[in-house]
Amino acid sequence: MTLVELICVIAIVAVLITIGVMGMKGVRRFKAERQIHTMAGELSDLRKRAMMTRKHTRMNIRDDSYAIICDEKEKVVSYEKDLEFVDMNTSEKHNDFAFSPSGRPSNSGTATFRVGTNTFHLIVAPVSGRIRMERANEEN
């Protein structure tokens, strides 16, 4: 092998590694954004479960994970690598969303998350208990 061939092989390998690393970064961000959608779905399920079982349910939002508490059972789910919990603003100033046996939120508000440079809000409406996820409009 000549020196030119060796340099060409190294350059090709470097390009392939770069493409692979950039692709994985996009996959991690996609997984983090999907987890916020999953959390919204789990909140909706918690509301329905509260009405079916006639018991209080809640989702506790933590810095590195969230916990689903229902029927005295707790399921803890860690955040994806690129998902960052930013802030929680609720009516009772607790880091959780809670539902009464009637399905009404006993603690409503907004949880804010960041994925890369994008900010997302997970919102529980105060009266209706409507749950939605919104991407924040950021101006640069």
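To the nearest 0.5 Å, the span separating CE on M133 from CE on M39 amounts to 11.0 Å. We find the CD1-CD1 distance between I131 and I123 to be 11.5 Å, quoted to the nearest 0.5 Å. With rounding to the nearest 0.5 angstrom, the CG atom of D45 is 10.0 Å from the OG1 atom of T57. Note that CD of E80 and CZ of R29 are 14.0 Å apart. Values are rounded to the nearest 0.5 Å. Residue R135 holds its CZ atom at 9.5 Å from CD1 of I36, rounded to the nearest 0.5 Å. Between the CE atom in M59 and the CG atom in L43 there is a gap of 4.0 Å [rounded to 0.5 Å].
For R34, the side chain to side chain contact (heavy atoms under 4.5 Å, CB included) partners two or more places apart in sequence, or in a different chain, are F30, H37. With sequence neighbours left out, R130 forms a salt bridge (Lys or Arg N to Asp or Glu O under 4.0 Å) with no residue at all. Here S91 pairs with N107 under the side chain to side chain donor-acceptor pair (under 3.5 Å) rule; sequence neighbours left out. With sequence neighbours excluded, the residues satisfying side chain to side chain contact (heavy atoms under 4.5 Å, CB included) with I12 are L16. Partners of S106 by side chain to side chain donor-acceptor pair (under 3.5 Å), not counting sequence neighbours: none found. Listed by chain and residue number, K75 satisfy the salt bridge (Lys or Arg N to Asp or Glu O under 4.0 Å) test with E42 (two or more places apart in sequence, or in another chain). Under the rule for a side chain to side chain donor-acceptor pair (under 3.5 Å), the partners of S102 that lie at least two apart in sequence or sit in another chain are S100. Under the rule for a side chain to side chain contact (heavy atoms under 4.5 Å, CB included), the partners of V4 that lie at least two apart in sequence or sit in another chain are T2, C8.
Summarising the geometry of V76 relative to A67, their closest heavy-atom pair is CG2-CB, 4.1 Å, with the distance given to 0.1 Å. Scanning all heavy atoms of the two residues, the minimum distance from R47 to G103 falls at NE-O, 2.8 Å. Shown here for A125 and P105, the closest heavy-atom pair between the two residues is O-CG, 3.2 Å. The heavy-atom pair separating V124 from S108 by the smallest distance is O-CB, 3.3 Å.
By the criterion of side-chain heavy atoms lying less than 4.5 angstrom apart, applied directly or through intervening Ile, Leu, Val, Met, Phe, Trp or Tyr residues, M88 is grouped together with V115 in one hydrophobic cluster.
The salt bridge (charged side-chain N to carboxylate O under 4.0 Å, His left out) analysis of residues 57-66, with sequence neighbours excluded, yields the pairs R58-D96, R62-E74. Counting only residues at least two apart or on different chains, the ring-ring contact (aromatic ring centres under 6.0 Å, His included) pairs with a member in residues 64-97 are Y79-F113, F85-F113.
More than 12 heavy atoms of other residues, nucleotides or ligands lie within 6.0 Å of CZ in R28, so this atom counts as buried by the packing criterion.
Through side-chain heavy atoms spaced under 4.5 Å, either directly or across other Ile, Leu, Val, Met, Phe, Trp or Tyr residues, V15 is tied to I19. Listed by chain and number, the hydrophobic cluster partners of V27 come to none, as no ILVMFWY side chain reaches under 4.5 Å of it.
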